[in-house]
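Everything below concerns the one structure shown next.
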Number of protein chains: 2
Amino acid sequence: MAAKAQRTPRRTDALSKERIIEAATEILDTDGENALTLRVLTTRLNTGYGAIYHHVANKSDVLAAATDEVIARVMTGVVIDAPPREALRALALGLFDAIDAHPWVGAQLSREPWRPALLEIYESIGRLLDALHVPERALFDAAGALVNYVLGVAGQNAANARALAHGEADRSVFLATAAAHWSQLDPDKYPFVHKAATQLREHDDREQFLAGVDIFLAGIATLR
Amino acid sequence: MAAKAQRTPRRTDALSKERIIEAATEILDTDGENALTLRVLTTRLNTGYGAIYHHVANKSDVLAAATDEVIARVMTGVVIDAPPREALRALALGLFDAIDAHPWVGAQLSREPWRPALLEIYESIGRLLDALHVPERALFDAAGALVNYVLGVAGQNAANARALAHGEADRSVFLATAAAHWSQLDPDKYPFVHKAATQLREHDDREQFLAGVDIFLAGIATLR
DNA sequence: ACCTGAACACCGTTCAAGT
DNA sequence: ACCTGAACACCGTTCAAGT
């Protein structure tokens, strides 16, 4: 008590951008996007602000790098030597699942869509569409449309996942509530939504996503 | 100076949720999403925090209501008595343009995709697809896919718009830089992206968006 | 009922100072 | 070079007090 306040001794094990990204990813995955603050990052890493800012530019940098990381893992993990149609579906599903598992990635990709992560996605999808014999003049638009569809759905899905926080029970309750709301709408004013209420309750997000990919591929096939 | 500090007299003209949303929309449109703070909202409306919180639940509420407002305007503005294919394209383009003009709407829709605004979109698109004779069993998936595509692209576009802040000059500089980057990539590792660099520089976002809608509609036509 | 504005509990980021 | 942690300039939100 009478002793002079002691500075905590400086860390001996090296901090690094990788270790920061790793810790940030863990926080994001377990506690969500709002839980990632510089403060919890410093305590988690037993360090100070300056140490973190010495390795990364700012908080955006951390989020962007963590996102690149997740996407890069998907891109290297997906098998590409399947027939192009199969490979395209597998790639789309891989991205969907990754964003479902890390909802913050979805938000990040729609916030900064020019990052290296997206380059890999464009390259893979473009190449696979080329293998599907999409005419060259249509390749750019087709790839753009497909990438946007995949990221768009994944992003929406992620938003729902974030909103529901955790738990499959929540999801069915949420869908049942929404479906009940839809079915109570005036069938004259909202014929489609009213009719679709049942499907809203029963649908599987992953299957619906794939159905959309198939519609897309069918449309692309007509470009031949 | 010796006088007692005087409270500013209370406002006489009524505050209302509408007036708050209106002011918020102006701030969002002119200065971007980050510029909307409760503080600037109070000064803009010559009022205090409590007055605002008396009319809205919180900041999210303001953003959500402002978004509903913008989308509702698009939905009532679009002509639906055109042939379904034309109407569908017009609707998609209307949404694209609205989100381009109000980029914060794009971010908001992917953050809270269950709002009333989205219900109207689903209803219109579902009904138009029905008019296109999409079989009933495929209607729900097709509508979901199309809505997600439209919002996905619009959202990405909005992200770019936000990143570029303002000005057409910025956009072409940005695209030229990105295209230069793409074209410098190793053609062996990135054949598609390397080849697509030219189109990246020259493409028109709106046209590419419509090309995607057409691919979609072509795919949907195969469901018949 | 409607409004004012001080106060609270947070943020991300900086930077002088330590090793 | 790498790290510490107090301090700064912000946030959104609450709430006692006014009319």
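Throughout, a chain's letter reflects where its sequence line sits, starting with A, and its residues are numbered from 1.
Listed for the Tyr149(B) side chain is no donor-acceptor partner under 3.5 Å among the backbone atoms of Leu146(A). Side-chain N or O atoms of Asp100(B) include none that pairs as donor or acceptor with a backbone N or O of Phe96(B) at under 3.5 Å.
Nearest-nucleotide positions on DNA chain C place Tyr49(B) closer to the 5' end than the other of Tyr49(B) and Tyr49(A). Between His55(B) and Thr37(A), it is His55(B) whose nearest contact on DNA chain C lies nearer the 5' terminus. For the pair Ser16(A) and Arg39(B), both in contact range of DNA chain D, the more 5′-proximal nearest nucleotide belongs to Ser16(A).
Under the Watson-Crick and G-U wobble criteria, each requiring two contacts below 3.5 Å, nucleotide dA7(D) is paired to dT13(C). Under the Watson-Crick and G-U wobble criteria, each requiring two contacts below 3.5 Å, nucleotide dT19(D) is paired to dA1(C).
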### Task
Let me see the working for Glu120(B) and Val74(B) under side-chain contact (heavy atoms from CB on, under 4.5 Å), right down to the final yes or no.
CA-CA 10 Å; Glu120(B) 301 296 328; Val74(B) 176; over 6 Å; no
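Across the protein-nucleic acid pair, Leu38(B) atom CG and dG12(D) atom C1' stand 6 Å apart, rounded to whole Å. Spacing between atom CG of Asn46(A) and atom P of dT4(D) amounts to 9 Å, rounded to whole angstrom units. Regarding His54(A), its NE2 atom lies at a distance of 5 Å from the C1' atom of dC2(D), rounded to whole Å. The distance from atom CG of Asn34(B) to atom C1' of dC10(D) is 13 Å, rounded to the nearest whole Å. dG12(C) atom P lies 10 Å from atom CG of Leu63(A), rounded to whole Å. In this structure, Ile27(B) atom CD1 and dG12(D) atom P are separated by 11 Å, rounded to whole Å. One atom, NZ of Lys59(B), and another, C1' of dC10(D), lie 12 Å apart when rounded to the nearest Å. In this structure, Leu41(A) places its CG atom 15 Å from C1' of dC3(D), rounding to the nearest Å.
Between Phe216(B) and Phe216(A), the ring planes are perpendicular. Angles over 60° get that label, and only those under 30° would be called parallel.
Side-chain nitrogen and oxygen atoms of Thr47(A) include at least one within less than 4.0 Å of the OP1 or OP2 phosphate oxygen of dT4(D). Side-chain N/O atoms of Tyr53(A) include one lying less than 4.0 angstrom from OP1 or OP2 on dT13(C).
Counting any heavy atom pair closer than 4.0 Å across all strands shown, Ile52(A) reaches no nucleic acid atom.
When ring centroids are compared, Tyr122(A) and Phe140(A) stay outside the 6.0 Å threshold.
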